[in-house]
S.K.: 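Got a structure for you, written out below as structure tokens; questions coming shortly.
The model shown is predicted, which means the values in this text are computed figures rather than measured ones.
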Amino acid sequence: MSTTTINLIDSFQEFKDFKNIDRPTVISVLEEVFRSMLRKKYGTDENCDVIVNPDNGDLEIWRTRKVMEDGFSEDDDLEIELAEVSKLDSTLEVGDDYIEQITLESFGRRAILAARQTLVSKVLELEKDEIFKKYKDRVGEIVTGEVYQVWKKETLVLDDEGNELLMPKTEQIPADYYKKGDSVRAVISKVEMINANPKIIISRTAPEFLQRLFEQEVPEIFDGLITIKKIVREPGERAKVAVESYDDRIDPVGACVGMKGSRIHGIVRELKNENIDVINFTNNTSLYITRALSPAKITSIKLDDDTKHASVYLKPDQVSLAIGRGGHNIKLAGKLTGYEIDVYREAGEENDEDVDLEEFSDEIDSWIIDELKAIGCDTAKSVLALTVEDLVKRTDLEEETIKEVVQILKSEFE
């Protein structure tokens with residue numbers, strides 16, 4: 001057997017190990033390649049059988065021709081004359097079938113090399129199709145991969161099968177910083193074919209990424225007892241998540257935050273300390289806007305439903321809270337509710353002596369503030385009026401956390 005033949009057989013030995021491609025497909029590709037070789041050589045392949053064994057890479061080609069009387073053969077590709085066949089097999093008579101095995105060598109070196117080329121490109125094409133199909137159905141799912149290369153505008157990530165995923169800079173959280181070998185979690189956001197190559201874009205900034213993280217951390221969302229109505233994000237800065245429960249016994253916000261913030265902590269860490277406000281969805285627009293502007297406390301609100309415009313009045317110390325750092329809070333509240341929100345100071349006497357706890361939301365996590373409010377402490381002084389022991393007893397917070405909070409509040413009055 002010539003080395004070229006062995007090459008070809010080796011090459012489809014490799015094919016049976018190809019990932020993503022099933023056996024029947026491999027066999028049909030191989031068969032088609034050899035049939036086109038037969039057509040080139042004999043003008044037809046209709047009287048040929050190609051038998052491929054994908055387990056060991058064996059290949060047999062058999063060609064059948066009808067034995068004709070001398071001088072009566074009209075098509076040498078389908079028929080053979082008696083005089084010629086008797087040299088090969090003297091037992092055959094007119095009307096019998098002459099079956100011969102065709103060796104690969106008989107095609108010649110160039111044809112075999114061309115076949116190998118065709119084989120390789122067909123299999124690559126199939127692979128690409130398979131990757132495309134596989135990922136096309138997974139848009140919106142979370143995928144974990146390993147960073148393979150970092151460029152200025154995008155990062156190349158490989159999934160566990162070595163498929164290439166691209167994460168453009170625009171789909172990364174500003175604080176994300178990757179180097180080769182790092183593990184990355186992201187959501188599959190777009191899959192397309194570009195010049196016959198599948199392009200899979202993954203994202204960490206898409207709202208779907210945050211939604212999937214909630215589904216992973218909060219069983220009630222995964223089970224459908226709590227629904228996420230809407231998510232709006234400023235990636236890495238702040239996010240607002242409106243949730244609704246179909247079971248009155250379940251507090252959707254509490255379930256999403258978890259005991260002492262246990263469930264939301266993992267998500268916040270994954271999103272590089274993005275500040276996540278979970279709020280209860282309601283069809284009552286003014287209540288929804290009030291909740292969306294948390295942590296700010298609203299005094300009154302005027303709605304114009306036709307122009308989708310809301311005028312919100314707050315105490316002077318609440319205005320900066322409502323707007324939020326960099327304007328994120330008010331912008332996200334607007335996106336969440338679909339209303340354009342304007343904030344106005346309410347005239348009135350100011351109490352300079354005490355400071356609302358919500359004012360500290362940049363330094364103290366919102367779930368901690370909620371814990372303190374649950375025991376009736378709305379302001380800095382109301383917290384400082386209690387001893388650390390008292391606070392530990394009455395809240396679900398740990399002593400260390402409380403000491404930190406007290407320190408932050410004290411420094412406000414110094």
Side-chain angles (χ1 to χ4, degrees), residues 1-134 161 193 195-198:
M1 199 186 251
S2 75
T3 48
T4 324
T5 319
I6 291 171
N7 263 349
L8 190 57
I9 294 207
D10 281 351
S11 64
F12 66 79
Q13 278 277 16
E14 295 159 25
F15 295 143
K16 69 177 185 4
D17 305 327
F18 260 105
K19 52 182 191 223
N20 295 333
I21 299 183
D22 56 357
R23 290 272 170 99
T25 313
V26 172
I27 293 174
S28 68
V29 166
L30 287 166
E31 199 177 313
E32 185 42 51
V33 167
F34 289 113
R35 284 193 174 281
S36 74
M37 286 167 77
L38 288 164
R39 284 195 294 273
K40 273 199 189 103
K41 184 171 168 148
Y42 299 117
T44 178
D45 65 331
E46 62 188 80
N47 57 334
C48 299
D49 291 306
V50 179
I51 302 159
V52 179
N53 179 343
D55 293 324
N56 57 12
D58 279 353
L59 165 83
E60 292 175 11
I61 301 175
W62 299 90
R63 181 180 182 220
T64 307
R65 284 184 288 175
K66 184 72 76 191
V67 179
M68 305 295 282
E69 280 184 37
D70 294 348
F72 278 89
S73 167
E74 291 175 2
D75 185 344
D76 290 338
D77 291 322
L78 299 171
E79 299 162 348
I80 186 167
E81 294 189 353
L82 193 56
E84 191 185 334
V85 89
S86 40
K87 293 178 204 160
L88 304 163
D89 185 342
S90 55
T91 61
L92 292 175
E93 297 169 9
V94 171
D96 286 346
D97 282 340
Y98 168 60
I99 300 171
E100 60 182 321
Q101 183 167 7
I102 291 177
T103 59
L104 274 176
E105 291 93 76
S106 67
F107 289 107
R109 183 182 158 76
R110 287 181 62 181
I112 292 176
L113 286 174
R116 183 184 162 87
Q117 214 36 58
T118 314
L119 219 45
V120 172
S121 62
K122 281 222 158 127
V123 170
L124 281 174
E125 207 172 293
L126 278 171
E127 281 245 78
K128 288 173 180 174
D129 271 354
E130 282 301 318
I131 294 171
F132 177 74
K133 278 200 225 105
K134 175 183 160 185
E161 288 177 349
M193 269 290 199
N195 303 333
N197 284 318

S.K.: I'd like to check Ile51 versus Trp62 (side-chain heavy atoms, cut-off strictly below 4.5 Å). Are they in contact?
M.R.: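 Counting from C-beta outward, Ile51 and Trp62 do come under 4.5 Å.
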S.K.: Determine, step by step, whether Thr91 and Asp96 satisfy the side chain to side chain contact (heavy atoms under 4.5 Å, CB included) criterion, reporting the C-alpha distance in whole Å, the side-chain angles of both residues, the deciding distance to 0.1 Å, and the verdict.
M.R.: CA-CA 10 Å; Thr91 61; Asp96 286 346; over 6 Å; no
S.K.: Between Phe34 and Asp45, is the side chain to side chain contact (heavy atoms under 4.5 Å, CB included) condition met? List the steps.
M.R.: CA-CA 9 Å; Phe34 289 113; Asp45 65 331; over 6 Å; no
S.K.: Can a donor-acceptor pair be found, under 3.5 Å and without considering hydrogens, that links the side chain of Ser106 to the backbone of Ile102?
M.R.: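 No, the answer is negative, given that no donor and acceptor are paired below the 3.5 Å cut-off.
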S.K.: So, the side chain of Ser86 versus the backbone of Leu82: is there a donor-acceptor pair under 3.5 Å, distance only?
M.R.: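 Yes, Ser86 side chain to Leu82 backbone: donor-acceptor pair under 3.5 Å.
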S.K.: When rounded to the nearest 0.5 angstrom, what is the spacing between CD1 in Ile80 and OH in Tyr98?
M.R.: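 These two atoms lie 5.5 Å from each other.
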S.K.: Looking at Gln101, I want to see if its CD is surrounded by more than 12 non-hydrogen atoms of other residues, nucleotides or ligands under 6.0 Å.
M.R.: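 More than 12 within 6.0 Å, yes.
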S.K.: Between Asn47 (side chain) and Arg63 (backbone), is there a donor-acceptor pair under 3.5 Å?
M.R.: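 It does not hold such a pair.
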S.K.: Using 0.5 Å steps for rounding, measure from the CD atom of Glu127 to the CZ atom of Phe132.
M.R.: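 Going from the CD atom of Glu127 to the CZ atom of Phe132 covers 15.5 Å.
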S.K.: Honestly, is Lys41 close enough over Phe107, meaning NZ or CZ under 6.0 Å from the six-membered ring centre and within 45° of the axis?
M.R.: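 Yes, cation above the ring, under 6.0 Å and within 45°.
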S.K.: For the pair Lys66 and Glu81, find out whether any cationic side-chain nitrogen is under 4.0 Å from an anionic carboxylate oxygen.
M.R.: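 No, no charged N to carboxylate O under 4.0 Å.
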S.K.: Is the number of heavy atoms from other residues, nucleotides or ligands within 6.0 Å of CD (Glu125) greater than 12?
M.R.: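 Open: at most 12 neighbouring heavy atoms sit under 6.0 Å from CD of Glu125.
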S.K.: Please determine whether the number of non-hydrogen atoms from other residues, nucleotides or ligands lying under 6.0 Å from atom CD of Glu60 exceeds 12.
M.R.: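 Check passes, neighbour count above 12.
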S.K.: Do side-chain atoms of Asp97 reach the backbone of Ile99 as a donor and acceptor pair under 3.5 angstrom?
M.R.: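 The answer is no, because no donor-acceptor pair under 3.5 Å joins these two groups.
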S.K.: At their closest point, which heavy atom of Asp70 faces which heavy atom of Ala83, and how far apart are they?
M.R.: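 Answer, listing the atom of Asp70 first, then Ala83: OD1-N, 2.8 Å.
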S.K.: After noting the C-alpha distance and the side-chain angles of Thr44 and Arg39, does the key distance pass the side chain to side chain contact (heavy atoms under 4.5 Å, CB included) rule?
M.R.: CA-CA 5 Å; Thr44 178; Arg39 284 195 294 273; 5.8 Å; no
S.K.: Go through it in stages, so that I can follow the logic: the residues are Glu161 and Lys134, the test is salt bridge (charged side-chain N to carboxylate O under 4.0 Å, His left out), and I'd like the CA-CA distance, side-chain angles, deciding distance and then a yes or no.
M.R.: CA-CA 12 Å; Glu161 288 177 349; Lys134 175 183 160 185; 2.7 Å; yes
S.K.: Taking side chain as C-beta onward, heavy atoms only, is Ile61 less than 4.5 Å from Asp49?
M.R.: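 The answer is no; the side chains never approach within 4.5 Å.
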S.K.: Verify salt bridge (charged side-chain N to carboxylate O under 4.0 Å, His left out) between Glu100 and Arg65, making sure each step is shown before the conclusion.
M.R.: CA-CA 9 Å; Glu100 60 182 321; Arg65 284 184 288 175; 3.0 Å; yes
S.K.: How far apart are the closest heavy atoms of Lys128 and Met193, and which atoms are they?
M.R.: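 Shortest heavy-atom contact: O-CE, 3.8 Å.
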S.K.: Drop me the distance from Leu78's CG to Met68's CE, to the nearest 0.5 angstrom.
M.R.: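 Going from CG on Leu78 over to CE on Met68, the span is 10.0 Å.
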S.K.: Do Arg35 and Glu31 sit within salt-bridge range, that is, some charged N less than 4.0 Å from a carboxylate O?
M.R.: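 Looking at Arg35 and Glu31, the cut-off is met.
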S.K.: Measuring from atom OG1 of Thr118 to atom CG of Leu113, what distance do you get when rounded to the nearest 0.5 angstrom?
M.R.: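 Separation between the atoms: 10.5 Å.
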